[in-house]
Amino acid sequence: MPTTVYYGTLVHSISLKEMEIISSGVLIVNEEGAIVQIEKDIKDLESFLATSGHKDSKIHILGAEQFLVPGFVDTHAHAPQYMFAGSGMDLQLLEWLDTHVFPCESAFKSVEHAGKAYTKVIERFLLNGTTTCSWFATIHLGGCKKLVDIIQDLGQRAYVGKVNMDQNAPDYYIEDTESSLNDTRTFIEYVQEKKSNLITPVVTPRFAITCSTPLMNGLSQLANEYNVPIQTHLCENHDEIDFTCSLFKDSKDYTSVYDDHHLLNERSYMAHCVHMTDAEIDMLAERKTGIAHCANSNFSLHSGVCDVRRFLEKGVKVGLGTDVAGGFSPSMLDAVRSTFFASKTVKILHRDGPLKDKDYAPLTPSELLYLATLGGAQVLGLQGQIGNFEKNKAFDALWVDLEHGSIDLMGGETMHQKIEKFLFNGSDQNLKHVYVQGRRVAGKSTQ
Ligand SMILES: *[C@@H]1O[C@H](CO)[C@@H](O)[C@H](O)[C@H]1NC(C)=O
Ligand SMILES: *[C@@H]1O[C@H](CO)[C@@H](O)[C@H](O)[C@H]1NC(C)=O
Ligand SMILES: *[C@@H]1O[C@H](CO)[C@@H](O)[C@H](O)[C@H]1NC(C)=O
Ligand SMILES: CC(=O)N[C@H]1CO[C@H](CO)[C@@H](O)[C@@H]1O
Ligand SMILES: [Zn+2]
């Protein structure tokens with residue numbers, strides 16, 4: 001059976017602490033898009049191919065200033081909100097929802113409108129190198145199905161959630177509890193019947209404020225029944241936390257609201273988690289629940305800065321999210337940079353502010369690469385399938401070309417420096433090819 005061979009430099013994360021750079025690497029992908037073999041230091045490709053039985057393979061040889069990295073994993077984005085991405089940054093969370101989000105999302109009742117907007121947003125995310133994304137859609141069943149169809153056509157790997165909200169929302173954008181649960185069931189079945197190995201339905205209560213106790217209990221039952229993951233928002237800003245605690249007085253804190261409704265387990269992941277007590281972080285660690293860290297929106301909606309190191313040290317799984325459109329950029333490279341600034345901000349607060357931990361270590365470039373790839377895969381429970389280059393994992397990858405695009409190479413850079421230049425100064429212009437499950441789905445190169 002014909003395979004595809006990639007020959008050149010491979011860069012990926014083995015763990016949070018360890019980034020591996022493989023030079024003269026050979027990576028072999030089978031027809032199903034799975035990695036079947038990886039070799040290091042192959043000086044003579046011809047003789048390797050002749051002796052290993054891959055003479056008839058399709059061969060791709062990477063240039064000197066090119067390398068492969070695993071595709072980016074965005075653990076949190078709102079597909080309909082791409083409509084106003086890059087605007088409406090003057091408000092904080094709860095006002096912003098009423099002013100920008102709910103009017104925008106309610107328009108996705110029209111499947112035609114949804115189709116146009118969703119096509120644009122998925123194409124854009126793929127061009128920016130996001131091979132896997134966890135999406136919030138809207139409350140509308142028709143639009144949600146449309147999003148799944150578009151993702152399937154365009155070839156992204158995705159978790160897709162129909163949003164649920166049955167209280168504290170405007171009359172024009174709210175559901176009753178029973179139809180919310182019914183539509184969620186129908187949606188889950190619709191996705192599962194496709195038997196796609198790329199698209200997974202995810203139970204998606206918007207956040208506790210907009211979900212009644214019967215709704216949250218019903219959703220956790222559905223997640224159990226269909227064995228699907230759960231995503232929502234947690235502890236994004238102070239007003240949100242106060243409002244939540246006033247609605248659910250029987251729960252000890254915001255995190256317990258979800259726990260008391262059986263929504264925290266090892267397949268669930270929470271966006272933001274900016275303001276968390278130690279007890280709440282411990283609870284996430286105990287339940288093996290992951291975190292989608294969205295630094296751009298923390299800043300943009302001035303919700304707060306999240307101390308990612310604190311989560312990692314407690315053994316909580318962390319990935320990055322663009323949080324379009326609370327975050328203004330669809331690019332995971334931007335998420336990497338915002339996370340870097342947030343981490344430096346925490347460092348400054350330690351040095352000059354109240355925190356006073358002199359040894360606090362901000363995140364390093366290789367840790368940032370990990371969070372954007374393997375870390376995100378772990379949050380989504382996909383670490384057995386994607387996140388780095390390992391035998392039997394899917395070939396979800398970016399073919400990075402540093403020669404064409406916005407980066408200036410001055411000569412003499414080490415491979416580590418080139419990777420840093422890509423992370424901090426690279427763009428979609430440097431993505432020659434974007435692959436999901438071995439299939440080319442986007443890229444700057446016309447070939
Ligand atoms: C929900 O589904 C049940 C079972 O199919 C049905 O009896 C009920 O009428 C539905 N309710 C709504 C509000 O759609
Ligand atoms: C990288 O730097 C170049 C040169 O300063 C600049 O033109 C380009 O916009 C930068 N790219 C990004 C993505 O910031
Ligand atoms: C994301 O893609 C758009 C369009 O291709 C591009 O203009 C933008 O610069 C990209 N962002 C980054 C950070 O690469
Ligand atoms: C750039 C920016 O808006 N940063 C904010 C991040 O969040 C903290 C905490 O709310 C604010 O103090 C910063 O101003
Ligand atoms: Zn969000």
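Every number for a ligand or one of its atoms is a count from 1 in the order of the listing. Position 1 is the first residue of the sequence; numbering continues from there.
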Q: Which protein non-hydrogen atom lies closest to atom 12 (C) of ligand 1, naming both residue and atom, and how far is it?
A: N182 ND2, 3.3 Å

Q: Please determine if N425 has a nitrogen or oxygen closer than 3.5 Å to a nitrogen or oxygen of ligand 2.
A: yes

Q: Considering both backbone and side-chain atoms of E178, is one of its nitrogen or oxygen atoms within less than 3.5 Å of a nitrogen or oxygen in ligand 1?
A: yes

Q: State whether the shortest distance between N or O atoms of D176 and N or O atoms of ligand 1 falls below 3.5 angstrom.
A: no

Q: Is it the case that the ring center of H76 lies less than 6.0 angstrom away from the ring center of H233?
A: yes

Q: Short check: is a protein heavy atom less than 4.0 Å from atom 2 (O) of ligand 1?
A: yes

Q: What are the two closest non-hydrogen atoms of S180 and E175, and how far apart are they?
A: OG-OE1, 2.9 Å

Q: I need the atoms of ligand 2 closer than 4.0 Å to a non-hydrogen atom of S406, numbered in the order shown.
A: 1 (C), 2 (O), 3 (C), 8 (C), 11 (N)

Q: State whether the side chain of N388 and the backbone N or O of L374 hold a donor-acceptor pair below 3.5 Å, judged by distance alone.
A: no

Q: May I ask you to check whether over 12 heavy atoms, not counting those of K317, lie within 6.0 Å of atom NZ?
A: yes

Q: Give me the atom names and distance for the closest heavy-atom approach of M83 to A117.
A: SD-CB, 3.6 Å

Q: Looking at atom 5 (O) of ligand 1, is any protein heavy atom nearer than 4.0 Å to it?
A: no

Q: Using modelled atom types and a 3.5 Å cut-off, is there a donor and acceptor pairing between side-chain atoms of K40 and backbone atoms of G25?
A: no

Q: Does ligand 3 have a heavy atom under 4.0 Å from the side chain of N128, from its backbone, from both, or from neither?
A: side chain

Q: Give me the nearest non-hydrogen protein atom to atom 13 (C) of ligand 3 as residue plus atom name, then the distance to 0.1 Å.
A: S331 OG, 3.2 Å

Q: Does this structure show an ion pair linking R206 with E105, if we count only N-O contacts that are shorter than 4.0 Å?
A: yes

Q: Under 6.0 Å from the CD atom of E112, do we count more than 12 heavy atoms belonging to anything else shown?
A: no

Q: Measuring from non-hydrogen atoms of R124 to any atom of ligand 3, is the shortest distance under 4.0 Å?
A: yes

Q: Determine, using heavy atoms of D428 and all atoms of ligand 3, whether some pair is separated by less than 4.0 Å.
A: yes

Q: What atoms of ligand 3 come within less than 4.0 Å of a heavy atom belonging to S427?
A: 14 (O)

